[in-house]
Amino acid sequence: MRDHSHHIEMTRDQAVQAALEAYTFTPRTETVSLAECYGRVLASDVTAKTTVPNSLTCAMDSVAVHWSDFADGMPDTSDWERGKQWEFANTGVGMPEGFDTAIVVEHVHFSDNDTHVSFDAAPSKQYAGTIPAGSRFKEGDAMVHAGAVMTPLLASSAAASNNTTVEVIAKPVVEFIPSGNELVSAGGVVPRGKTIDSNSDVVRGKIEAWGGTAIMDDIVPDDPKALEDALRTAAARADIVVLNAGSSKGSDDYSMEVLERIGKVICHQTNNGPG
């Protein structure tokens, strides 16, 4: 039997804190398209690459006019010409060049051929019915801040500010090593006394659901050399390595001894069993 008399036991919270204090992991970053960003954590702010709106814009379906024509009250529009004194202006579209004020179509009467107009009401002030340039955001403004988890709404904000990609924290690579002489893979003959490895499926699902990239190893036997080789290979390519089983007091439980030999163990067990 393995001697675990010197093992360090902690509460779950103590173990988590000790692990956080011991780790030196520096996250990598990568650039992904907006179509691939959902659920990813932003590594840097998303800033606007354009100003929106980029010109004086019509707020509602309207007729564009010159405010100066209304300075003395309602003007006589009988000789007004489309394109000179008035022009159509639609919601969200830049105001026609030279026009500065809009009157909603509900207050406009059009001739049968849409060449002449008259109004029920005058605009209340210059720029009435319009949206100023840059009123939503200006080039360089922060649209989404680093640390945010990207959602469809946040992706829409990035796209609206002329971004097609965002910088995100790369998914951590987590390698899972199932170990034990008693294990066999699902789908085949299960010899007497053997157990099917189902932990791999649970762990793969959790890794991917929590935002990681899973590497799933073949079953490793209860052999110190095989365990060490598997651990060293995994540590060279993964950010986190999960070695499953072999940490209790059975005669073939070598995991803790191998880990102590090739690394630093900060906690052997937590007191929230059963493990």
Side-chain angles (χ1 to χ4, degrees), residues 29-168:
T29 63
E30 61 183 357
T31 299
V32 300
S33 70
L34 292 183
E36 303 171 300
C37 76
Y38 304 116
R40 304 296 297 274
V41 178
L42 276 185
S44 59
D45 289 353
V46 177
T47 57
K49 293 183 177 180
T50 189
T51 295
V52 173
N54 60 8
S55 67
L56 186 67
T57 299
C58 189
M60 301 177 69
D61 291 339
S62 306
V63 164
V65 297
H66 303 102
W67 168 249
S68 59
D69 289 332
F70 293 83
D72 298 323
M74 186 73 75
D76 178 5
T77 63
S78 59
D79 63 347
W80 277 25
E81 297 180 27
R82 178 180 175 183
K84 291 185 178 180
Q85 289 86 9
W86 73 277
E87 184 55 275
F88 285 109
N90 296 319
T91 306
V93 178
M95 288 286 286
E97 191 71 32
F99 293 89
D100 60 5
T101 304
I103 301 175
V104 295
V105 293
E106 287 81 1
H107 291 306
V108 184
H109 297 284
F110 300 93
S111 63
D112 291 341
N113 57 3
D114 286 342
T115 58
H116 294 87
V117 293
S118 61
F119 306 106
D120 287 341
S124 59
K125 59 182 179 180
Q126 188 177 23
Y127 304 117
T130 67
I131 303 170
S135 56
R136 285 189 60 192
F137 52 81
K138 295 179 175 63
E139 184 175 354
D141 285 352
M143 302 299 296
V144 190
H145 291 287
V149 178
M150 290 301 293
T151 63
L153 182 60
L154 295 182
S156 175
S157 294
S161 55
N162 206 27
N163 289 278
T164 58
T165 61
V166 290
E167 185 183 22
V168 297

Other residues, nucleotides and ligands only: do more than 12 of their heavy atoms fall within 6.0 Å of CG on D79?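 Counting neighbours around CG of D79, more than 12 heavy atoms of other residues, nucleotides or ligands fall under 6.0 Å, so yes.
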If the condition is salt bridge (Lys or Arg N to Asp or Glu O under 4.0 Å), which residues does K125 pass it with, not counting sequence neighbours?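 Per chain and number, K125 pairs via salt bridge (Lys or Arg N to Asp or Glu O under 4.0 Å) with no residue.
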[X]: partners by side chain to side chain donor-acceptor pair (under 3.5 Å), with sequence neighbours left out:
X   : result
T29 : E167
T47 : none
S78 : D76
E87 : R82

Identify, with sequence neighbours excluded, every residue that meets side-chain contact (heavy atoms from CB on, under 4.5 Å) alongside [X].
X    : value
V32  : E30, E36, C37, R40, V166, V168
N162 : K49, T50
T57  : P53, S55, I131

Between K84 and H66, which heavy-atom pair has the shortest distance, and what is it?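 Taking every non-hydrogen atom into account, O-CE1, 2.8 Å.
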Provide the closest heavy-atom pair for A59 versus T91 in the form atom of the first, atom of the second, distance.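 Shortest heavy-atom contact: O-CG2, 3.5 Å.
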Rounded distance (nearest 0.5 Å) linking atom CG of N163 with atom OG of S33: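 The OG atom of S33 is 12.5 Å from CG of N163, to the nearest 0.5 Å.
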Do the side chains of M150 and L42 get nearer than 4.5 Å, heavy atoms only?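 L42 vs M150: side chains touch.
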So, do S62 and V104 sit near enough that their side-chain heavy atoms are less than 4.5 Å apart?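 S62 vs V104: side chains touch.
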Is a side-chain N or O of T165 found less than 3.5 angstrom from the main chain of T31, in a donor-acceptor match?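 No, because the side chain of T165 does not come within donor-acceptor range (under 3.5 Å) of the backbone of T31.
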Donor-acceptor check, side chain of T115 to backbone of S111, threshold 3.5 angstrom: yes or no? no
Output all residues satisfying ring pair (Phe, Tyr, Trp, His ring centres under 6.0 Å) with H109, sequence neighbours left out; order by chain, then residue number. none
Tell me every residue that passes ring pair (Phe, Tyr, Trp, His ring centres under 6.0 Å) with F110, counting only those two or more places apart in sequence or in another chain.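 F88.
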N/O donor to acceptor pairs below 3.5 angstrom from side-chain atoms of residues 135-149, sequence neighbours left out:
residue: S135; atom: OG; partner: P132; partner atom: O; Å: 2.9
residue: K138; atom: NZ; partner: G134; partner atom: O; Å: 3.2
residue: D141; atom: OD2; partner: K138; partner atom: N; Å: 2.8

If a pair satisfies ring-ring contact (aromatic ring centres under 6.0 Å, His included) and one of its residues is in residues 113-133, list it, with sequence neighbours excluded.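 Counting only pairs at least two positions apart or across chains, the ring-ring contact (aromatic ring centres under 6.0 Å, His included) contacts touching residues 113-133 are F70-F119, W80-F119.
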